Amino acid sequence: MSEIKPHISAWKKDEVKDIVKLFNEYPVAGIIDMQNLPALQFMKIRKQLKDKMYTKVTKRRLIIKAIEELKDKKNIGNLKNYLGGMPSLIFTKEDPFILQKQISKNKSNVAAKPGQIAPDDIKVDAGPTPFTPGPIIGELGKLGLKTEVKEGKIHLKEAKVLVKAGAVITPAVADLLTKLGIEPMTIGLNLVAAYENKTGEILEKKILSVDEKEYVDNLKQIALWAVNLAAFIEYPDAEILKMVIEKAYLSGKSVAEKAKLEIKEDEKVELLDKPVKVEKSEPKVEAKPVEVEKKKEEPKVQPKSEPKIEKPVEQPKVEPKEVEHP
């Protein structure tokens, strides 16, 4: 440690030594911004997280001095870029992502005050308001809000961003938000950045506040892309080659089926090209049994037979006998 200049008071020297000791003792150090954080809320959060972190409330100048004393630590000098607002330090043995998650759970919403900086876009939605027609219509108009009266209440015709992220909240906007019951400000520990001793890596708030579900979904998508790429280049891995063979089999099967369809289509075309004799088929008529009236049988007339002419019976010839005379 370099020698501290003699004009610095003793308590400041001790404070710097204490900060340096904490940086060496804990694997993770964080910078928090306590601006706009009520003392009562800070004490409550500090008590809830006392088993997870140690909080060191001190002055910015002393933090900078301690960082300069720790110049042998990799990349630690860049922590000076995160000492905005009302900075203080936290030290922990927890993973910084888990720490950020625990800190986020101990935040609450409060009404906006004039002069505060909007952490995010502050907007009002379209729809009914609790206001009845009166001078309030003019106040809403000054803020660029389009209104109409429905069923005795003032309605906002469309949603509008009143204050963009990073802009100052005016007294008129703060008053209107309070009347509408909108509490856009969150109070709690604001973890700006975390420093890891082993790697010298500085993790900013936007990295620490990553959405877990989105992070997991991104990992799944990356894994899927990697598998697709490996299958495309036919990477020599047992699981990948199994997929490649299966894909080749399905592709071959698809080609074969397509070829069969094309052959069938060609056959159809050939048949269409040939003249086809179409025999007109007469509609089949089912033969119904026809009842034929039986003609009355006329009595059979026997043909008249001609009278038979009997032939004369020949008389036997009588020979004359000689008569003997007496």
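All figures in this text were calculated on a predicted structure; none of them were measured in a lab.
- Distance NZ/Lys242 to CG/Asp237: 11.5 Å, rounded to 0.5 Å.
- Residues Ile67 and Gly77 approach most closely at CG2-CA, 4.0 Å, considering heavy atoms.
- The side-chain heavy atoms of Lys93 and Pro27, taken from C-beta on, include a pair separated by under 4.5 Å.
- In terms of hydrophobic clustering, with Ile, Leu, Val, Met, Phe, Trp and Tyr side chains grouped at heavy-atom distances under 4.5 Å, Ile245 and Met243 are assigned to different clusters.
- Formation of a donor-acceptor pair under 3.5 Å by the Ser251 side chain with backbone atoms of Lys247 is found in this model.
- Partner Tyr195 forms a side chain to side chain contact (heavy atoms under 4.5 Å, CB included) with one of Asn78, Val28, Ile31, Ile76 and no other, that one being Ile76.
- Contact annotation: the side chain of Trp225 approaches that of Gln221 to within less than 4.5 Å [non-hydrogen atoms, C-beta and beyond].
- We find the CG-CD1 distance between Leu176 and Ile169 to be 12.0 Å, quoted to the nearest 0.5 Å.
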Exercise for the section: Any chance you could lay out the side chain to side chain contact (heavy atoms under 4.5 Å, CB included) test for Leu191 and Ile90, step after step, and finish with the verdict? Expected result: CA-CA 9 Å; Leu191 183 59; Ile90 58 171; 3.8 Å; yes
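- Leu208 approaches Leu203 most closely through the heavy-atom pair CD1-O, 3.7 Å.
- Chaining together hydrophobic side chains whose heavy atoms lie under 4.5 Å apart leaves Val216 on its own.
- Within the structure, salt bridge (Lys or Arg N to Asp or Glu O under 4.0 Å) pairs that include any residue of residues 168-177 comprise Asp175-Lys179 (at least two apart or interchain).
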Exercise for the section: For Leu89 and Thr55, run side chain to side chain contact (heavy atoms under 4.5 Å, CB included): C-alpha distance rounded to whole Å, both residues' side-chain angles, the deciding distance at 0.1 Å, then the answer. Expected result: CA-CA 6 Å; Leu89 299 171; Thr55 310; over 6 Å; no
Handout entry: Stepwise salt bridge (charged side-chain N to carboxylate O under 4.0 Å, His left out) check, Glu15 with Lys56
Key = CA-CA 10 Å; Glu15 190 76 356; Lys56 180 70 174 178; 3.4 Å; yes
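- Annotation for Leu40: atom CG does not count as buried by contact number, only 12 or fewer foreign heavy atoms lying within 6.0 Å.
- No more than 12 heavy atoms of other residues, nucleotides or ligands sit less than 6.0 Å from atom NZ of Lys21.
- Between the Asn75 side chain and the Gly200 main chain, a donor and an acceptor come within less than 3.5 Å of each other.
- The two atoms that bring Ala230 and Ile240 nearest to each other are O-CG2, 3.5 Å, heavy atoms only.
- In this structure, Arg61 places its CZ atom where only 12 or fewer heavy-atom neighbours from other residues, nucleotides or ligands lie under 6.0 Å away.
- Of all heavy-atom pairs spanning Pro133 and Gly152, the tightest one is CD-O, 3.4 Å.
- Within the structure, every pair that satisfies the salt bridge (Lys or Arg N to Asp or Glu O under 4.0 Å) test and touches residues 36-55, not counting sequence neighbours, is listed here: Lys52-Glu94.
- You'll find the side chain of Glu196 reaches within 4.5 Å of the side chain of Pro96, heavy atoms only.
- Side-chain contact between Lys13 and Val16 is absent, with no heavy atoms from C-beta onward closer than 4.5 Å.
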Problem - Candidate pair Phe131 and Leu180, rule side chain to side chain contact (heavy atoms under 4.5 Å, CB included), full reasoning - result: CA-CA 9 Å; Phe131 310 132; Leu180 290 171; 3.7 Å; yes
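- Legend: residues meeting ring-ring contact (aromatic ring centres under 6.0 Å, His included) with Phe23, ordered by chain and number and at least two apart, are Phe91.
- Residues Phe42 and Ile187 have side chains not in contact (no heavy-atom distance under 4.5 Å, counting atoms from C-beta outward).
- Sorted pairs that involve residues 121-139 and meet side-chain hydrogen bond (donor to acceptor under 3.5 Å, both in side chains), not counting sequence neighbours, are lacking altogether.
- Of the listed residues (Gln35, Lys205, Lys107), just one forms a side chain to side chain donor-acceptor pair (under 3.5 Å) with Asn190, and that residue is Lys205.
- Side-chain atoms of Asp120 do not come within 3.5 Å of backbone N or O of Ala165 as any donor-acceptor pair.
- Within the 4.5 Å cutoff, side-chain heavy atoms of Asp33 are placed close to those of Met86.
- Looking at every heavy atom in both residues, Thr178 comes nearest to Ala111 through OG1-CB, 4.3 Å.
- In this structure, Leu189 and Ile103 approach most closely via the heavy-atom pair O-CG2, 3.1 Å.
- Using a 4.5 Å cut-off between side-chain heavy atoms of Ile, Leu, Val, Met, Phe, Trp and Tyr, with links allowed through other members, Val168 and Val124 fall into different hydrophobic clusters.
- Between the side chain of Asn197 and the backbone N or O of Asn24 there is no donor-acceptor pair closer than 3.5 Å.
- Residue pairs meeting the salt bridge (Lys or Arg N to Asp or Glu O under 4.0 Å) criterion with at least one member in residues 74-84, sequence neighbours excluded: Glu68-Lys80.
- Heavy atoms of other residues, nucleotides or ligands lying less than 6.0 angstrom from CE of Met34 number more than 12.
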Exercise for the section: Show your reasoning for whether side chain to side chain contact (heavy atoms under 4.5 Å, CB included) applies to Gln41 and Asn106. Expected result: CA-CA 9 Å; Gln41 184 74 12; Asn106 287 276; over 6 Å; no
